[in-house]
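Here is the structure we will look at, set down as structure tokens.
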Amino acid sequence: MKTAWVLCGGGSRGAYEIGVWQTFRAAGMMPDIVTGTSIGALNGALIVQQDYEAALDLWENLRIDDVMKDGIDLELSAIMENKQKIAPFLKKYVNAKGADNTPLKDMIARLVDEPKLRQSPIDFGLVTVRYPSLQAVELTKQEIPQDQIKDYLIASASCFPAFPVYEFAGQQYIDGGYQDNLPIALALRMGAERVIAVNLHYQSPIHPTLEKLPQVKVLSPSRDLGSFLSFDPMILKRNRELGVLDAQKFLGQRIGERYVFTPLTPSLQTLAEVLVRELTLFQCQLDDSDHPFIDTLWPQNVLLDKILKAPGDSFETLFVRMMELAAELMKKEAQTLLDPQTFLIEAAEFFSAGSPALETERSLYQSLLQQTTRQSLLTLIGKADRILLCRSLCDQMLHRQNSLLQQLHWLAPMMAQEVLVSWFAAFLIRWFKLNHNF
């Protein structure tokens with residue numbers, strides 16, 4: 001089957017695509033076709049040339065001055081640190097009808113080897129847009145006239161009005177993203193039977209219909225990649241590393257959505273099934289209970305709604321989402337590789353009530369019970385420490401079961417994550433004690 005890699009436009013977010021390539025390359029994967037728009041077209045050209053080291057060096061050392069002359073990094077912190085550059089930059093910007101992107105042109109001229117690209121067995125296509133008609137221009141390397149590949153790459157990346165309109169061969173062009181920032185359709189027209197599309201936009205599909213096709217798989221960032229004109233070295237490094245991890249999850253080498261875990265062992269897969277069944281039973285019991293202060297109908301399934309996202313979610317998927325809710329409260333670093341077994345033990349210990357603070361945690365729980373209105377309860381929850389809330393609830397779930405369901409029926413809709421994570425911690429503590437591992 002002919003496989004295409006489709007690379008999205010997104011300026012400095014393109015570092016993510018190099019991280020994806022790093023993982024795919026390590027797995028021995030190579031495409032038959034590459035299509036791209038803007039920075040995706042440039043990254044795609046390097047993939048077609050198989051110039052991995054050059055691409056890695058580019059994104060490890062890329063700075064704003066490599067893209068535009070006297071440019072300003074558009075992250076707010078960088079702008080505030082370089083106030084003296086704003087007036088000169090804006091003056092040149094207005095006079096040139098866009099930033100001076102001569103450095104970008106020079107970079108493309110240096111990196112792109114037209115004979116090498118044309119002779120590669122990997123087919124290549126890009127998208128740009130004619131100006132001012134805004135007509136899409138989709139071209140394969142066979143359709144691009146000789147000695148014009150670099151010009152079309154510049155045209156594809158001319159992000160007007162940030163950059164000026166690019167003119168060559170009697171025609172003006174602007175960034176291909178104005179028509180198709182993720183050229184899946186072009187890849188299919190070029191004969192792709194399977195497509196891996198790399199989107200650079202967090203939680204924002206570009207082609208909602210095409211992305212549902214069975215032959216199309218989309219790899220999207222698990223976190224926001226930031227501004228498309230932010231060239232802070234730490235952000236570029238973070239985005240490249242995120243591309244590596246997300247691609248590993250895409251290939252099944254890692255699991256998780258916003259966090260990164262090694263795959264579950266068979267024993268933890270069994271534990272996942274037990275957990276989901278017990279949580280479902282707990283939710284049913286919770287929904288059947290009542291509270292004397294409630295005179296309105298409360299939503300049902302509030303705990304399950306935190307982890308259920310789509311029909312057919314597996315036990316493993318739900319278990320991982322539960323771990324991620326706990327990891328968020330524990331303030332775990334998103335791009336740190338976590339071992340599930342070690343993490344579960346740590347989570348159980350983290351949310352269990354320690355002896356020195358036990359009275360404080362029980363006092364907080366009593367304060368929760370003393371609230372007789374929804375507003376007073378919300379006020380208390382808003383002021384309370386979320387970790388202390390979890391530890392307080394976990395202690396109650398482990399030691400004080402009398403009327404607990406009635407109390408949680410009232411609390412759960414207003415602090416669903418805390419109740420869910422507390423239940424999860426109590427479940428783990430019981431499980432580990434039962435298995436003599438805690």
Side-chain angles (χ1 to χ4, degrees), residues 3 5 16-30 194 196-199 202-203 214 216-223 238-280 304 306-351 417 420-421 423-425 427-432 434-438:
T3 299
W5 294 357
Y16 181 87
E17 293 171 339
I18 299 306
V20 171
W21 184 16
Q22 183 176 335
T23 292
F24 285 179
R25 183 173 179 269
M29 297 169 58
M30 283 299 292
R194 180 174 57 183
I196 299 175
V198 183
N199 186 2
Y202 174 61
Q203 293 186 337
V216 175
K217 303 298 180 186
V218 180
L219 199 171
S220 298
S222 55
R223 290 185 176 261
R238 180 203 68 186
N239 288 345
R240 193 176 69 253
E241 292 175 348
L242 187 63
V244 170
L245 294 172
D246 284 349
Q248 289 175 342
K249 289 188 279 189
F250 182 83
L251 297 179
Q253 299 170 356
R254 302 284 184 258
I255 58 175
E257 293 173 358
R258 290 175 56 82
Y259 291 85
V260 188
F261 297 91
T262 54
L264 299 184
T265 61
S267 62
L268 288 184
Q269 290 173 353
T270 301
L271 179 61
E273 294 188 30
V274 175
L275 178 138
V276 174
R277 286 197 297 267
E278 291 202 12
L279 176 61
T280 304
L304 290 176
K306 294 291 291 185
I307 60 170
L308 290 172
K309 293 186 179 180
D313 278 340
S314 67
F315 290 111
E316 180 180 27
T317 298
L318 301 181
F319 189 73
V320 170
R321 287 186 188 141
M322 184 80 87
M323 289 197 294
E324 293 193 315
L325 289 173
E328 180 185 341
L329 287 176
M330 294 165 71
K331 297 187 177 352
K332 284 290 185 181
E333 171 57 46
Q335 291 178 216
T336 299
L337 182 62
L338 301 171
D339 170 67
Q341 178 77 20
T342 303
F343 173 78
L344 293 174
I345 294 173
E346 183 183 351
E349 293 174 340
F350 185 87
F351 290 108
Q417 183 171 352
L420 187 57
V421 170
W423 180 90
F424 182 46
F427 170 87
L428 292 175
I429 291 169
R430 293 191 188 101
W431 177 269
F432 287 131
L434 185 64
N435 288 275
H436 310 292
N437 197 18
F438 182 71

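Basis for what follows: all heavy atoms, side chains included, without hydrogens, waters or symmetry-related copies. This structure is a prediction, so every number in the text was calculated from the model and none was measured.
- Put simply, CD on Gln248 and CD1 on Ile255 are 12.5 Å apart, with the number rounded to the nearest 0.5 Å.
- For Pro263 against Gly252, the heavy-atom pair with the smallest separation is CG-O, 4.2 Å.
- The stretch residues 322-337 participates, sequence neighbours left out, in these side chain to side chain donor-acceptor pair (under 3.5 Å) pairs: Lys332-Glu346.
- Residues that satisfy the ring-ring contact (aromatic ring centres under 6.0 Å, His included) test with Phe315, not counting sequence neighbours, are absent from this structure.
- The CG atom of Leu275 lies 9.0 Å from the CG atom of Leu318; values are rounded to the nearest 0.5 Å.
- Taken to the nearest 0.5 Å, the CG atom of Leu325 stands 10.5 Å off from the CZ atom of Arg258.
- Residue pairs that meet the side chain to side chain donor-acceptor pair (under 3.5 Å) test with at least one member in residues 267-279, sequence neighbours left out, are Thr265-Ser267.
- Listed by chain and residue number, Met29, Leu251, Gln253 satisfy the side chain to side chain contact (heavy atoms under 4.5 Å, CB included) test with Ala27 (two or more places apart in sequence, or in another chain).
- Here the closest non-hydrogen pair linking Leu279 and Leu420 is CD1-CD1, 3.7 Å.
- Atom CG of Leu329 and atom CD of Gln417 lie 4.5 Å apart (nearest 0.5 Å).
- Partners of Phe261 under the ring-ring contact (aromatic ring centres under 6.0 Å, His included) rule, at least two apart in sequence or in another chain, are Phe343.
- Sequence neighbours left out, not one pair with a member in residues 316-335 passes ring-ring contact (aromatic ring centres under 6.0 Å, His included).
- With sequence neighbours excluded, no residue forms a side chain to side chain donor-acceptor pair (under 3.5 Å) with Thr280.
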key: Val274/Phe427 under side-chain contact (heavy atoms from CB on, under 4.5 Å): CA gap, chis, key distance, verdict   = CA-CA 10 Å; Val274 175; Phe427 170 87; 4.1 Å; yes
inquiry  = For Val218 and Phe250: C-alpha separation, side-chain torsions, deciding distance, then whether side-chain contact (heavy atoms from CB on, under 4.5 Å) applies.
reply    = CA-CA 9 Å; Val218 180; Phe250 182 83; over 6 Å; no
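- Shown here for Leu428 and Ala348, the closest heavy-atom pair between the two residues is CB-CB, 4.0 Å.
- Tested against Asp339, the residues Leu344, Ile345, Thr262 include a single side-chain contact (heavy atoms from CB on, under 4.5 Å) partner, Thr262.
- With sequence neighbours left out, Thr23 forms a side chain to side chain donor-acceptor pair (under 3.5 Å) with no residue at all.
- In this structure, Leu264 and Met323 have side chains that are in contact, with non-hydrogen atoms separated by less than 4.5 Å.
- Looking only at side-chain heavy atoms (C-beta outward), Met322 and Trp423 come within less than 4.5 Å of each other.
- Separating the CZ atom in Arg240 from the CG atom in Leu245 is a distance of 11.5 Å, to the nearest 0.5 Å.
- Under the 6.0 Å distance and 45° angle rule, Arg223 counts as a cation-pi partner of Tyr259.
- By the side chain to side chain donor-acceptor pair (under 3.5 Å) test, Lys217 is found to be paired with no residue, residues two or more places apart in sequence or in another chain being considered.
- Shown here are the side chain to side chain donor-acceptor pair (under 3.5 Å) partners of Glu257, two or more places apart in sequence or in another chain: Lys309, Arg321.
- Looking at residues two or more places apart in sequence or on another chain, you find a side chain to side chain contact (heavy atoms under 4.5 Å, CB included) between Ala425 and Phe351, Cys394.
- Residues passing the side chain to side chain contact (heavy atoms under 4.5 Å, CB included) test with Asp246, sequence neighbours excluded: Tyr16, Leu219, Pro221, Ser222, Leu242, Lys249.
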